[in-house]
Amino acid sequence: MGNRGMEDLIPLVNRLQHALGSAGQSCSLHLPQIAVVGGQSAGKSSVLENFVGRDFLPRGSGMVTRRPLVLQLLTADTEHGEFLHCKGKKFTDFEEICREIEAETQRITGSNKGISPVPINLRIYSPNVLNLTLVDLPGITKVPVGDQPADIEYQIRDMIMQYICKDNCLILAVTPANTDLANSDALKLAKDVDPQGQRTIGVITKLDLMDKGTDARNILENRLLPLRRGYIGVVNRSQKDVVGKKDIKAALLAEKDFFLSHPSYKHMAESMGTPYLQKTLNQQLTNHIRESLPGFRSHLQSQLLSLNKEAEEFKQFSPDDPARRTKTLLQLAQRLAVDFEKLIEGSGDTVDTVNLSGGAKINRIFHVRFPYELVQIESDEKKLRQEINYAIRNIHGVRTGLFTPDMAFEAIVKKQLSCLKRPCIKCVDMVSQELISTLYQCINKLSSFPKLQEETERLITTEIREQESKCKEQVLMLIEIQLAYINTKHEDFIGFTTAQQTNNQANKKTHAGMAANHGVAAPSRLIVIRKGWLTISNLGIMKGGAREYWFILSAESLSWFKDDEEKEKKYMLPLDNLRFRDVEKTFMSSKCVFALFNTENVYKDYKSLELACGSQEELDSWKASLLQAGVYPEKVAVDEQGNGAPENFIDPQLERQVETIRNLVESYMSIIYKTIKDLMPKTIMHLMINSVKEFISSELLAQLYALGECSALMDESTEQQKYREEVLRKHAALKEALAVIGKFSTSTCTTPLPPPVDSSWIRPSSPTLPKKTSVRVRGHAPSVPRVPSNASSKSTDSLQQIARQHHRAPPSVPRRHLPAIPNVK
């Protein structure tokens, strides 16, 4: 396979494409398609074969090409062909390729001249070609034969349009010299998609078959029926030459002799023939590449700039240099300490706008999750009174007590203090888990050194567990300290005298807010605690089904509106006697649900109101807000001793004693809750978080050195080695590609586009219909593609002028369906 017009261009372009390929697929160079368009038996396949330099296309009379052949030329070390429909099979014999094209054509279209738009995809690999795409299209015909449909002309035109309407497609409009050029279907179709003639080259074939005394001199000189890029005459092999196995080299010599010896063409023999056509196409490819180079150069330079810093680091990195390994270990340890501290303290270089991480999650544990856990252990009113009742009666024994026993107060307070251990330990566990998650987030940057990552993770995790154990001991000690001495002289404690003077109803109004908020004053009724979207999920289908509303929670009520503009209020639910409970997820739902209820119907005729959130985090936040508003979770009062339901007080004195103890316990526990909520974050911060940060920044590096395997720690992973080599290879390839682009720019030149010519002689494509058709009239086929947006205003004006001359609308992109078959009587 050979093409003399491409011999100078091929090495340079192949070197450029090789460099671009090494730099990444995003830098691939897309060369234009070359489509051969013409009438039936115009010599299209012969022109294509001459361009490629090989005999591989079926030959014969009539319509031989009945399916589009998309021929991809690819640069390779060996020469062979591959079909898309024969994956894995290589064809080294080009005669076998020809037979396979014939067989594949008949497989789809049959053996009776049928056609099909389904293309045959053939790839030819050779060291002597550029990476190009050539398209051999069926010849335009007007009269159907054999199995061809009645609208054969329309179908073929639609088929051709699908290829030549692309902006990167060069059109070879092939017309036999022994036909009327003014009626050339190939030129008409080319004019429709390329009205300015910027990518259309006229090819005149069969010059040797013209009648004696006639010639195509005026046409080839571009004086009669001119084209912007002019015409090139070629002389193909005849059917006799093909049958006689006349090779292409001999045919090219015969073509040259024809032009040199013909009196009408010898003066322009140098601009005629297949070699000149190859040279012209070569120059078009050069122009296309040169036009693409500025964009490529800018793209490659930006990629090179982004890789420079990393490539320089990798160049300096020597895997076998102990000093370099030690320096890298030090840098990685310092970077890990900085990253960990930034995630905890919230001063990171990049702010995550999607998820909470590090310190933000720990803050949420301190101020949302932990207070909620404290509320979970609180006894309800009935259970508390029952416990006080039993405590007083058990202390008095068989005697009737005249005074309120302080032992009952201490017993109840110590029991509630002991219940604080579980939520406090759970808080430490949650913070510990979050520290480990933060560590994993930071330590992923050490993945290039697997052993270092493993040892670092082990050391820091061990430190976290040790500090967690110390923190738990300290937390339990805080609770033991509270158990050791009940301080009834605390300035916020109401004392026995005040407790005995207050009645039950007054106490409820005075201290309910303090108890409800564990020592935090009740919020004003006018303050909005929370706003957000919730879905009411238990509404019946007849009432609209599950719907999303905008909810507003205040200290007095829960209201919801149609949307967040808060103009159309749907309902307002008072918070009096309101409780909430969790609702299990259904099989088909991923939302988190909780329910609000009270002793009566909470909403219209519904006993509970089920509200759905998008995530567990959102659900926890709503629960914390409800706690702040004084709405508590459901509690089931069960006597652990099996003493049954609480008894009604018959003895008024016992009732007064129970009420006094209840007020005292409530006052004292509010002080404890306030103290615990203040001390827990401080204790965890001091013993766990700050200690772990100090360990990472000060002791981690020393412990890594103490392992005695510093050199082994810095062994790169296989993936990191490949990545480093890939970065260096890509960096070198980008440099080479830029050097090749510079050489290409200096060693080639751009051929200017010829000036426009008057091509109004080319009539618009309007195929004739078979006679005696039905009343249904067809328009032009197919629609004309839209002119590219970058065309000059002059080009647009010229196109509109031509359109007005022929009474048709300006062209548009062809998107019509296959036409209906006319009814032929």
Side-chain angles (χ1 to χ4, degrees), residues 343 346 348 350-376 426-427 429-431 433-434 437-438 440-441 523 527-541 543-555 557-573 575 578-597 602-604 606-634:
L343 282 176
T350 59
V351 179
D352 189 350
T353 59
V354 179
N355 299 305
L356 293 178
S357 61
K361 282 190 176 181
I362 294 175
N363 179 277
R364 180 171 169 270
I365 292 171
F366 286 159
H367 303 296
V368 177
R369 297 291 300 277
F370 180 58
Y372 178 71
E373 293 295 329
L374 289 180
V375 174
Q376 292 287 79
K426 184 175 181 180
C427 180
D429 289 336
M430 288 190 292
V431 173
Q433 188 59 43
E434 190 55 46
S437 299
T438 305
Y440 288 156
Q441 189 175 348
I527 295 177
V528 174
I529 299 175
R530 185 177 177 85
K531 294 183 179 182
W533 291 99
L534 289 173
T535 301
I536 303 179
S537 59
N538 62 328
L539 293 181
I541 297 178
K543 296 185 179 181
R547 294 188 62 182
E548 192 174 36
Y549 294 100
W550 180 257
F551 279 74
I552 298 180
L553 174 65
S554 67
S557 64
L558 178 67
S559 306
W560 57 91
F561 297 79
K562 180 180 178 181
D563 51 40
D564 55 2
E565 294 182 0
E566 301 178 12
K567 293 181 179 179
E568 185 179 341
K569 181 183 286 189
K570 292 296 183 179
Y571 197 78
M572 185 178 72
L573 179 65
L575 300 185
L578 205 61
R579 292 288 184 268
F580 68 85
R581 64 169 176 263
D582 290 329
V583 178
E584 293 185 2
K585 292 183 181 179
T586 61
F587 177 72
M588 299 297 293
S589 175
S590 60
K591 290 194 173 184
C592 301
V593 185
F594 67 96
L596 296 174
F597 67 96
V602 67
Y603 170 62
K604 296 183 179 179
Y606 289 93
K607 293 184 178 181
S608 65
L609 188 67
E610 295 185 1
L611 303 177
C613 308
S615 64
Q616 183 64 39
E617 182 178 337
E618 189 177 357
L619 176 64
D620 292 340
S621 297
W622 271 105
K623 286 180 181 179
S625 300
L626 288 170
L627 292 175
Q628 186 179 352
V631 180
Y632 290 97
E634 178 184 25

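For this chain, numbers begin at 1 and follow the sequence in order.
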Peer 1: Are Lys531 and Asp564 ion-paired here, with the side-chain N under 4.0 Å from a carboxylate O?
Peer 2: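 Salt bridge: no.
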
Peer 1: Could you go step by step and tell me if Glu618 and Cys592 meet the side-chain contact (heavy atoms from CB on, under 4.5 Å) rule?
Peer 2: CA-CA 9 Å; Glu618 189 177 357; Cys592 301; over 6 Å; no

Peer 1: Do Phe597 and Leu609 have side chains that get closer than 4.5 Å, going by heavy atoms?
Peer 2: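 They are not in contact (no side-chain heavy atoms under 4.5 Å apart), so the answer is no.
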
Peer 1: Let's go through Arg581 and Ser608 carefully: what are the C-alpha distance in whole Å and the side-chain angles of both, what is the deciding distance for side-chain contact (heavy atoms from CB on, under 4.5 Å) to 0.1 Å, and is it a yes or a no?
Peer 2: CA-CA 10 Å; Arg581 64 169 176 263; Ser608 65; 4.0 Å; yes

Peer 1: Is any side-chain heavy atom of Tyr606 closer than 4.5 Å to one of Leu596?
Peer 2: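 A side-chain contact is absent here, since even the closest heavy-atom pair is not under 4.5 Å.
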
Peer 1: Quick check for you: to the nearest 0.5 Å, what is the distance between Arg547 atom CZ and Lys562 atom NZ?
Peer 2: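 Answer rounded to 0.5 Å: 7.5 Å.
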
Peer 1: Please tell me if the side chains of Lys569 and Phe561 come closer than 4.5 Å, counting only heavy atoms from C-beta onward.
Peer 2: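 Yes, close enough: below the 4.5 Å cut-off.
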
Peer 1: To the nearest 0.5 Å, what is the distance between CD1 on Ile552 and CD on Glu566?
Peer 2: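 Result: 3.5 Å between the selected atoms.
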
Peer 1: Determine, step by step, whether Gln616 and Asp620 satisfy the side chain to side chain donor-acceptor pair (under 3.5 Å) criterion, reporting the C-alpha distance in whole Å, the side-chain angles of both residues, the deciding distance to 0.1 Å, and the verdict.
Peer 2: CA-CA 6 Å; Gln616 183 64 39; Asp620 292 340; 3.0 Å; yes

Peer 1: Roughly how far, to the nearest 0.5 Å, is the NZ atom of Lys623 from the CZ atom of Phe594?
Peer 2: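 If we round to the nearest 0.5 Å, Phe594:CZ and Lys623:NZ are 8.5 Å apart.
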
Peer 1: Between Leu553 and Val631, is there a side-chain heavy-atom distance shorter than 4.5 Å?
Peer 2: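 SC-SC contact between Val631 and Leu553 ruled out.
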
Peer 1: So which atom in Glu434 and which in Gly358 form the shortest heavy-atom distance, rounded to 0.1 Å?
Peer 2: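 Closest heavy-atom pair between Glu434 and Gly358: OE2-N, 3.8 Å.
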
Peer 1: For Val431 and Phe370, what are the C-alpha separation, side-chain angles and deciding distance, and is it a side-chain contact (heavy atoms from CB on, under 4.5 Å)?
Peer 2: CA-CA 11 Å; Val431 173; Phe370 180 58; over 6 Å; no

Peer 1: Taking the side chain as every heavy atom from C-beta outward, state whether Glu373 and Cys427 have any atom pair closer than 4.5 Å.
Peer 2: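 Glu373 vs Cys427: side chains apart.
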
Peer 1: Give, for atom NZ of Lys426 and atom CD1 of Ile365, the distance between the pair rounded to the nearest 0.5 Å.
Peer 2: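 Between atom NZ of Lys426 and atom CD1 of Ile365 there are 10.5 Å.
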
Peer 1: Got a second to check how far Leu626's CG is from Ile529's CD1, nearest 0.5 Å?
Peer 2: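 Nearest 0.5 Å value for the CG-CD1 distance: 8.5 Å.
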
Peer 1: Do Trp560 and Trp550 have ring centres separated by under 6.0 Å?
Peer 2: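 No.
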
Peer 1: Give a yes or no on whether Lys607 atom NZ has more than 12 heavy-atom contacts from other residues, nucleotides or ligands under 6.0 Å away.
Peer 2: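 No, the 6.0 Å shell around NZ holds no more than 12 heavy atoms from other groups.
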
Peer 1: Within a strict 4.5 Å, meaning less than it, do heavy atoms of the Phe551 and Ile536 side chains meet?
Peer 2: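 Phe551 vs Ile536: side chains touch.
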
Peer 1: Quick one: are Pro633 and Leu627 in side-chain contact, heavy atoms under 4.5 Å?
Peer 2: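 They are in side-chain contact.
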
Peer 1: Can you list the steps and then say if Trp622 with Leu611 is a side-chain contact (heavy atoms from CB on, under 4.5 Å)?
Peer 2: CA-CA 10 Å; Trp622 271 105; Leu611 303 177; over 6 Å; no

Peer 1: Could you measure the distance from the CD atom of Gln441 to the CG atom of Leu343? Nearest 0.5 Å is fine.
Peer 2: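 So the gap between those two atoms works out to 5.0 Å.
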
Peer 1: Evaluate the side-chain proximity of Asp563 to Trp533: yes if any heavy-atom separation is below 4.5 Å, no if none is.
Peer 2: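 Yes; the side chains approach each other to less than 4.5 Å.
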
